[in-house]
Amino acid sequence: MKRFLLSVAAIVGMATPALSADMAVKAAPVPVPPPVYNWTGFYIGANGGWGESRTCWDFLPALGGVVADGCSSRSGGVFGGQLGYRWQAGQFVFGLEGQGDWADLKSSRLSLVDPRFSTTTKTDGLGLFTGQLGWAWDAALFYVKGGAAVTSNRYDIWTTVGGIGVASATSTRWGGTVGVGFEYGFTPNWSVGLEYDRLFMGDANNTFSVVNPIVAGAANRIGQDVDLLTIRLNYRFGGPVVARY
């Protein structure tokens with residue numbers, strides 16, 4: 001009996017390491033797949049930053065021709081919001097967005113045609129209606145955009161001496177825009193980004209509220225371009241990140 005018990009103990013002793021090793025392999029934790037950020041969904045956000053408007057004045061006499069009166073630029077602050085929708089397919093991201101901003105872009109200059117007068121251009125609002133095409137690396141998104149742009153403007157003519165307003169006109173004008181941006185999702189639903197946009201507003205004719213004092217009876221033609229650089233904060237109404245299998 002003693003010899004039998006010793007034999008059983010020896011067999012158990014040899015089996016224990018193998019059993020332990022087998023249990024260790026089966027107990028190894030299953031690796032968790034890395035998360036993938038999903039840009040699909042509606043989003044709303046705020047933006048703010050810097051803008052610069054460059055305007056060139058020309059006068060169009062009733063008898064024809066063009067009288068150039070020079071250009072001026074002025075930069076200032078912009079602040080507003082945006083609303084859009086994005087759809088992600090693989091690493092490609094497609095989107096549509098509307099953006100509206102209040103602006104404080106005002107420039108004044110002495111008239112080259114008649115120095116007795118000064119001209120002022122003020123842009124107090126702008127909007128963008130664009131499509132987007134982007135490339136995503138998980139929570140990072142690089143995109144380009146393009147579409148329509150609109151600006152709200154006021155034009156004034158003042159006396160150089162005394163600063164008396166003698167003529168004014170307002171204009172809501174449409175043009176085109178292109179831009180580029182980078183956005184990063186720092187939570188499943190919140191993202192922050194930096195965007196640059198160039199607005200091409202072209203030339204637009206305006207008629208003053210009174211007879212043009214600089215060139216009698218002439219309409220004014222104003223060309224405008226705007227540069228925007230804004231920081232953006234968005235909240236996306238989408239689902240959480242999903243796992244990559």
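What you see is a predicted model, and the numbers here were worked out from it, not measured in a lab. One-based numbering along the sequence shown.
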- Message: Using only atom types and a distance under 3.5 Å, with no angle test, would you say the side chain of R236 pairs donor to acceptor with the backbone of P188?
- Response: yes
- Message: A side-chain contact here means heavy atoms from C-beta on lying under 4.5 Å apart; do T170 and N153 qualify?
- Response: no
- Measure the CD-CG distance between E52 and L199 for me, rounded to the nearest 0.5 Å. 12.5 Å
- Item | Side chain D69, main chain V113, donor-acceptor under 3.5 Å | yes
- Any link between L194 and W50 through a network of hydrophobic side chains (Ile, Leu, Val, Met, Phe, Trp, Tyr) touching at under 4.5 Å? yes
- Give a yes or no on whether the backbone of T120 and the side-chain of D156 come within a donor-acceptor separation of less than 3.5 Å. no
- Task: Please report the shortest heavy-atom distance between M201 and A149, naming the atom on each side.
- Result: CE-O, 3.7 Å
- Mind checking whether I222 and N220 have side chains closer than 4.5 Å, heavy atoms only? yes
- Item | Any side-chain donor near an acceptor of the partner, Q224 and T123, under 3.5 Å | yes
- Task: For D101 and G80, indicate whether the former's side chain and the latter's backbone hold a donor-acceptor pair under 3.5 Å.
- Result: yes
- For N206 and A169, work out which heavy atoms get closest and say how close. CB-CB, 4.3 Å
- Item | Step-by-step side chain to side chain contact (heavy atoms under 4.5 Å, CB included) determination, F142 to V180 | CA-CA 8 Å; F142 173 81; V180 61; 3.6 Å; yes
- Donor-acceptor contact present, side-chain T55 to main-chain G223, <3.5 Å: no
- Item | Minimal non-hydrogen separation, R109 against S72, with atom names | CD-CB, 3.6 Å
- Note on the structure: Closest non-hydrogen contact found for R54 with S73 is CG-OG, 3.3 Å
- Query: Are F200 and D225 close enough that some pair of their side-chain heavy atoms sits under 4.5 Å apart?
  - Reply: yes
- Rounded to the nearest 0.5 Å, what's the gap from OG on S75 to CG on L229? Could you check? 12.0 Å
- Measure across D197 and G179 and return the closest heavy-atom pair with its distance rounded to 0.1 Å. OD1-CA, 3.5 Å
- Decide whether L128 and Y196 are clustered together by the hydrophobic rule: side chain heavy atoms of Ile, Leu, Val, Met, Phe, Trp, Tyr closer than 4.5 Å, transitively. no
- May I ask you to decide if F94's main-chain N or O and Q132's side chain share a donor-acceptor pair within less than 3.5 Å? no
- Message: As a quick check of understanding, evaluate side chain to side chain contact (heavy atoms under 4.5 Å, CB included) for F129 and V150, giving each step before the final call.
- Response: CA-CA 9 Å; F129 304 91; V150 59; 4.1 Å; yes
- Query: Can you tell me how far the CG atom of D104 sits from the OG atom of S53, to the nearest 0.5 Å?
  - Reply: 11.5 Å
- Report yes if the side chains of T177 and V226 come closer than 4.5 Å at any heavy-atom pair, otherwise no. no
- How long is the gap from CZ on R232 to CG on N47, to the nearest 0.5 Å? 6.5 Å
- Return yes if some donor-acceptor pair links the side-chain N/O of T160 with the main-chain N/O of R116 below 3.5 Å, else return no. yes
- Task: Spell out, yes or no, whether Y155 and I164 are grouped together once hydrophobic residues are joined by side-chain heavy atoms under 4.5 Å, including indirect joins.
- Result: no
- Message: Looking at W39, I want to see if its CH2 is surrounded by more than 12 non-hydrogen atoms of other residues, nucleotides or ligands under 6.0 Å.
- Response: yes
- Under 30°, 30 to 60°, or over 60°: which ring-plane class applies to F186 and W190, parallel, tilted or perpendicular? parallel
- Message: Hydrophobic cluster membership, with links at side-chain heavy-atom distances under 4.5 Å among I/L/V/M/F/W/Y: are I214 and L112 in one?
- Response: no
- Look only at the side chain of R74 and the backbone of S108, and say whether a donor-acceptor pair between them is shorter than 3.5 Å. no
- Item | Sub-6.0 Å ring centroid separation between Y85 and F42 | yes
- Task: Kindly state whether the ring of Y184 and the ring of F182 have centres lying under 6.0 angstrom apart.
- Result: no
- Message: Please tell me whether S111 and W57 have a donor and an acceptor in their side chains that are separated by less than 3.5 angstrom.
- Response: no
- Query: Do other residues, nucleotides or ligands put more than 12 heavy atoms under 6.0 Å from K145 NZ?
  - Reply: yes
- Is it the case that more than 12 heavy atoms not belonging to R173 sit under 6.0 Å from its CZ atom? yes
- Salt bridge or not for E183 and R86, using N-O below 4.0 Å? yes
- Pick from L110, V161, T159: which one makes a side-chain contact (heavy atoms from CB on, under 4.5 Å) with F117? T159
- Should the heavy atoms of other residues, nucleotides or ligands under 6.0 Å from CH2 of W102 be counted, would the total exceed 12? no
- Task: Specify the closest pair of heavy atoms between G147 and T130, including all atoms of both residues, with the distance to one decimal.
- Result: N-CG2, 4.0 Å
- Message: Please check this pair: side chain of T40 against backbone of Q88, looking for a donor-acceptor N/O pair closer than 3.5 Å.
- Response: yes
- If we ignore angles and hydrogens, is there a donor and acceptor under 3.5 Å between the side chains of Y143 and E195? yes
- Listed by chain and number, what are the salt bridge (charged side-chain N to carboxylate O under 4.0 Å, His left out) partners of D124, not counting sequence neighbours? none
- Query: Within the side chain of T230, is there an N or O that forms a donor-acceptor pair under 3.5 Å with the backbone of G48?
  - Reply: no
- Query: Atom CD1 of I157 and atom OG of S118: how far apart are they, to the nearest 0.5 Å?
  - Reply: 10.0 Å
- Query: Is there a chain of hydrophobic side chains (I, L, V, M, F, W, Y, each step under 4.5 Å between heavy atoms) that links W87 to F92?
  - Reply: yes
- Query: How long is the gap from OH on Y235 to CG on N189, to the nearest 0.5 Å?
  - Reply: 4.5 Å
